[in-house]
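The structure displayed is predicted, hence computed values, not measured ones.
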Amino acid sequence: MTLMNVLVDFARTGRIGPLHCGMPLAEAEDLLGPGRPHPAIRMRPDTDGYPHAWNGLELSITQRLVSGISISLRPGSTAKLPPLVLPDSESYSSTVLREDLIAGLDAADCRHDINGRLTFGEQSSILTQPANVCAVFFTPRRDDHVPHRERLCLGVIHKHTA
């Protein structure tokens, strides 16, 4: 399993292994261990819409159910994801170029379209079908250690229920 396998499978299915929108938070925590809840949740445990985080993986919670799944990556560093998502994640670069993810989606026969709502300036976004997963690409920041600063890198890939 590689980081690209995880990203393409998520984009294609809307799931990360057994993690999926609609599952109870308790079930996700059984699989991942306790996450770091957003400060708003710590203040009021039944606050909706805020994430629980496991390094680069975040699950948004609404009424104690997973309402969103997100993987955040920082170009130029290493991936930091729980072992359930990507065993030995620290050995994978978190620099994922837009063209590489697009090629992976095409190879997996995963349809994708430009997401006009999140494509502007130096930012680009795609939306996969039928899973409705959104990937957002950015140019690297000044302090990101990447060889090609002009190329778009994946910053976040996420799915949220309506």
Side-chain angles (χ1 to χ4, degrees), residues 1-39 41-42 49-62 64-112 115 124-141 143-148 151-161:
M1 179 69 68
T2 67
L3 178 60
M4 186 61 74
N5 295 129
V6 170
L7 298 173
V8 168
D9 194 48
F10 179 41
R12 197 173 54 73
T13 66
R15 299 173 69 102
I16 298 176
L19 302 173
H20 60 90
C21 289
M23 74 186 304
L25 172 61
E27 187 178 323
E29 286 185 317
D30 286 347
L31 294 167
L32 295 165
R36 288 184 332 271
H38 186 276
I41 294 172
R42 280 188 235 131
Y50 290 95
H52 284 249
W54 293 262
N55 293 319
L57 173 72
E58 290 188 352
L59 302 180
S60 295
I61 307 302
T62 304
R64 309 294 295 163
L65 297 174
V66 174
S67 57
I69 301 172
S70 173
I71 294 176
S72 297
L73 299 173
R74 173 128 188 228
S77 65
T78 56
K80 291 181 175 66
L81 297 169
L84 174 77
V85 174
L86 183 63
D88 302 319
S89 69
E90 67 278 351
S91 63
Y92 293 99
S93 168
S94 65
T95 303
V96 176
L97 298 175
R98 183 182 190 280
E99 57 265 27
D100 292 343
L101 182 61
I102 296 293
L105 296 175
D106 290 344
D109 202 25
C110 178
R111 198 174 87 227
H112 51 87
N115 181 354
S124 172
S125 178
I126 60 171
L127 197 58
T128 67
Q129 297 303 326
N132 212 29
V133 172
C134 178
V136 183
F137 306 90
F138 307 91
T139 53
R141 296 182 296 209
D143 59 339
D144 291 337
H145 303 288
V146 297
H148 304 285
R151 295 171 80 183
L152 294 174
C153 297
L154 182 64
V156 66
I157 185 167
H158 60 90
K159 177 179 179 66
H160 294 278
T161 56

How long is the straight-line distance from [atom2] of [Y] back to [atom1] of [X], given to the nearest 0.5 Å?
X   : Y   : atom1 : atom2 : result
E58 : S70 : CD    : OG    : 5.5 Å
L86 : M4  : CG    : CE    : 12.0 Å
K80 : I71 : NZ    : CD1   : 14.5 Å

Under the rule for ring pair (Phe, Tyr, Trp, His ring centres under 6.0 Å), what residues qualify as partners of H158, not counting sequence neighbours?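 Ring pair (Phe, Tyr, Trp, His ring centres under 6.0 Å) list for H158, sorted by chain: H160.
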Test item: [X] and [Y] side chains (from C-beta on) under 4.5 Å apart, heavy atoms:
X    : Y    : result
V96  : F137 : no
L154 : L7   : yes
L31  : P82  : no
L152 : T139 : yes
L59  : M23  : no

Just jot down the side chain to side chain contact (heavy atoms under 4.5 Å, CB included) partners of [X], sequence neighbours excluded, or say none.
X    : result
P24  : E27, L65
C21  : I69, K159, T161
S125 : N115, L118, T119, C134, V136
D88  : E90, S91

With sequence neighbours excluded, what pairs up with E29 under the salt bridge (Lys or Arg N to Asp or Glu O under 4.0 Å) test?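 Counting only residues at least two positions away or on another chain, E29 forms no salt bridge (Lys or Arg N to Asp or Glu O under 4.0 Å).
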Contacts of [X] that satisfy side-chain hydrogen bond (donor to acceptor under 3.5 Å, both in side chains) - sequence neighbours left out:
X    : value
Q129 : none
N5   : T2
T128 : none

Considering only residues two or more places apart or on different chains, which pairs with a residue in residues 7-20 satisfy salt bridge (Lys or Arg N to Asp or Glu O under 4.0 Å)?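 Found D9-R12.
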Which pairs count as salt bridge (Lys or Arg N to Asp or Glu O under 4.0 Å) when at least one residue sits in residues 93-106, sequence neighbours excluded?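 Sorted pair list: E99-R151.
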Looking only at heavy atoms, what is the nearest atom pair of S94 and A79, with distance?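 S94 and A79 have their closest heavy atoms at CB-N, 3.8 Å.
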Please name the pair of heavy atoms, one in L57 and one in L81, separated by the smallest distance, quoted to 0.1 Å.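 Closest approach of L57 to L81: N-CD2, 3.8 Å.
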Short question: side chain of S67, backbone of S60 - any donor-acceptor pair under 3.5 Å?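 Pair found, side chain donor or acceptor close to backbone of S60.
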